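On a predicted model such as this, the values are computed, not experimentally measured, just so you know.
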Amino acid sequence: DTGVSQDPRHKITKRGQNVTFRCDPISEHNRLYWYRQTLGQGPEFLTYFQNEAQLEKSRLLSDRFSAERPKGSFSTLEIQRTEQGDSAMYLCASSSGTGADQPQHFGDGTRLSIL
Amino acid sequence: GESVGLHLPTLSVQEGDNSIINCAYSNSASDYFIWYKQESGKGPQFIIDIRSNMDKRQGQRVTVLLNKTVKHLSLQIAATQPGDSAVYFCAENKNTGNQFYFGTGTSLTVIP
């Protein structure tokens with residue numbers, strides 16, 4: 001399967017703990033996006049990478065959130081001191097090309113549940 | 001900020017009928033649009049896209065129509081099948097930015 005891969009698929013943790021998610025984009029896709037999706041809503045943009053550079057962050061991305069893409073391939077999203085409101089599906093997407101007007105291909109997400 | 005809205009949150013159709021899912025957008029500067037299908041427990045799946053220099057684009061059993069005058073986007077699914085049951089999202093983007101804005105979604109149920 002050469003699609004976007006996310007790990008883990010599910011994560012259950014206690015409030016206050018740190019969690020880290022991984023995304024492996026489609027090979028050779030230089031653009032990588034993180035989104036958050038809550039039940040009944042569409043995905044909300046969190047952040048965007050062009051190769052290894054994080055070029056845009058949403059105001060939704062508080063200081064507790066950090067994302068990296070160290071070698072321009074896989075990416076990680078870390079949430080520190082998790083809160084109840086962090087419970088959501090975290091989606092990763094990737095696309096090719098130099099502009100945003102290219103189809104984004106999504107992984108199946110990591111579902112985070114905060115106890 | 002920009003918003004993308006859908007007229008109907010749910011839609012039920014008989015198998016074999018055509019489905020039309022509508023989407024309104026508020027940002028006249030948006031120039032690229034995508035329709036996604038999302039099944040339970042999965043990520044959004046790309047269906048079809050359209051750029052603002054086009055009014056219509058066809059794929060396999062799907063057609064997207066763009067009316068820039070009234071800022072309206074629609075997805076037509078021909079001969080709807082049970083496998084088409086899912087939530088459908090439209091997403092918009094301004095080529096000058098990197099963010100896509102998604103609507104709430106329309107839940108399509110196909111009745112056998």
Side-chain angles (χ1 to χ4, degrees), chain A residues 1 3-7 9-10 21 23-26 29-51 53-61 67 88-111, chain B residues 1-6 8-10 21 23-27 29-54 57 59 62 64 66 73 75 86-107:
Chain A
D1 182 26
V4 177
S5 177
Q6 292 189 246
D7 183 72
R9 291 296 314 278
H10 304 275
F21 312 139
C23 170
D24 287 272
I26 293 173
H29 275 190
N30 54 347
R31 300 169 73 93
L32 186 147
Y33 303 80
W34 284 99
Y35 290 84
R36 179 172 67 189
Q37 185 177 26
T38 54
L39 195 63
Q41 301 296 317
E44 294 176 296
F45 171 84
L46 291 178
T47 190
Y48 154 69
F49 289 85
Q50 174 91 25
N51 299 310
Q54 188 175 18
L55 298 184
E56 192 163 344
K57 293 193 291 185
S58 165
R59 55 186 169 81
L60 294 175
L61 210 66
M89 175 78 84
Y90 290 85
L91 292 162
C92 177
S94 69
S95 66
S96 61
T98 57
D101 61 336
Q102 296 294 327
Q104 294 186 10
H105 299 274
F106 283 82
D108 286 336
T110 294
R111 181 167 294 284
Chain B
E2 295 86 355
S3 67
V4 177
L6 296 174
L8 296 173
T10 62
I21 301 172
C23 177
Y25 63 96
S26 60
N27 190 346
S30 292
D31 52 13
Y32 181 58
F33 306 86
I34 301 179
W35 279 102
Y36 285 96
K37 171 187 179 184
Q38 188 171 27
E39 297 174 284
S40 181
K42 294 188 176 182
Q45 177 187 356
F46 172 84
I47 301 173
I48 192 168
D49 60 358
I50 189 168
R51 289 174 171 74
S52 59
N53 60 353
M54 303 172 69
R57 190 161 188 226
V62 295
V64 55
L66 175 62
L73 194 68
L75 177 70
V87 176
Y88 289 80
F89 294 98
C90 66
E92 64 175 308
N93 170 261
K94 289 187 300 182
N95 197 29
T96 54
N98 297 302
Q99 296 194 25
F100 276 82
Y101 298 91
F102 285 76
T104 303
T106 292
S107 177

Looking only at P43(A), G40(A), G107(A), A93(A), most heavy-atom pairs under 4.5 Å shared with chain B are made by P43(A)
Contact winner vs chain B - Q37(A), Q104(A), R9(A), heavy-atom pairs under 4.5 Å: Q104(A)
Among residues 45-54 of chain B, those lying within the under-4.5 Å heavy-atom range of chain A are F46(B), D49(B), R51(B)
If you count heavy-atom pairs under 4.5 Å between each of Q38(B), K42(B), Q99(B) and chain A, which one has the most? Q99(B)
Sub-3.5 Å donor-acceptor pair from the side chain of [X] to the main-chain atoms of [Y], do we have one?
| X | Y | value |
| --- | --- | --- |
| R31(A) | N51(A) | no |
| Q41(A) | G103(B) | no |
| T47(A) | E56(A) | yes |

Evaluate the side chain to side chain contact (heavy atoms under 4.5 Å, CB included) criterion for residues V62(B) and W35(B): first the C-alpha distance (whole Å), next the side-chain angles of each, then the deciding distance (0.1 Å), finally the verdict. CA-CA 10 Å; V62(B) 295; W35(B) 279 102; over 6 Å; no
Should L91(A) and P44(B) count as side-chain neighbours, where that means a heavy-atom distance under 4.5 Å? yes
Interface moiety of Y36(B) toward chain A, non-hydrogen atoms closer than 4.5 Å: side chain
If you measure from CZ on F100(B) to SG on C90(B), what distance do you get to the nearest 0.5 Å? 12.0 Å
How are the rings of F45(A) and Y33(A) set to each other: parallel, tilted or perpendicular (split at 30° and 60°)? perpendicular
Just say parallel, tilted or perpendicular for the rings of F33(B) and Y25(B), cut-offs at 30° and 60°. tilted
Let me know if R111(A) has heavy atoms under 4.5 Å from chain B in its side chain, its backbone, both or neither. neither
So which part of Q6(A) gets closer than 4.5 Å to some heavy atom of chain B, the side chain, the backbone, both or neither? neither
Under the side chain to side chain contact (heavy atoms under 4.5 Å, CB included) rule, what do T110(A) and H10(A) come out as? Steps first, then yes or no, please. CA-CA 5 Å; T110(A) 294; H10(A) 304 275; over 6 Å; no
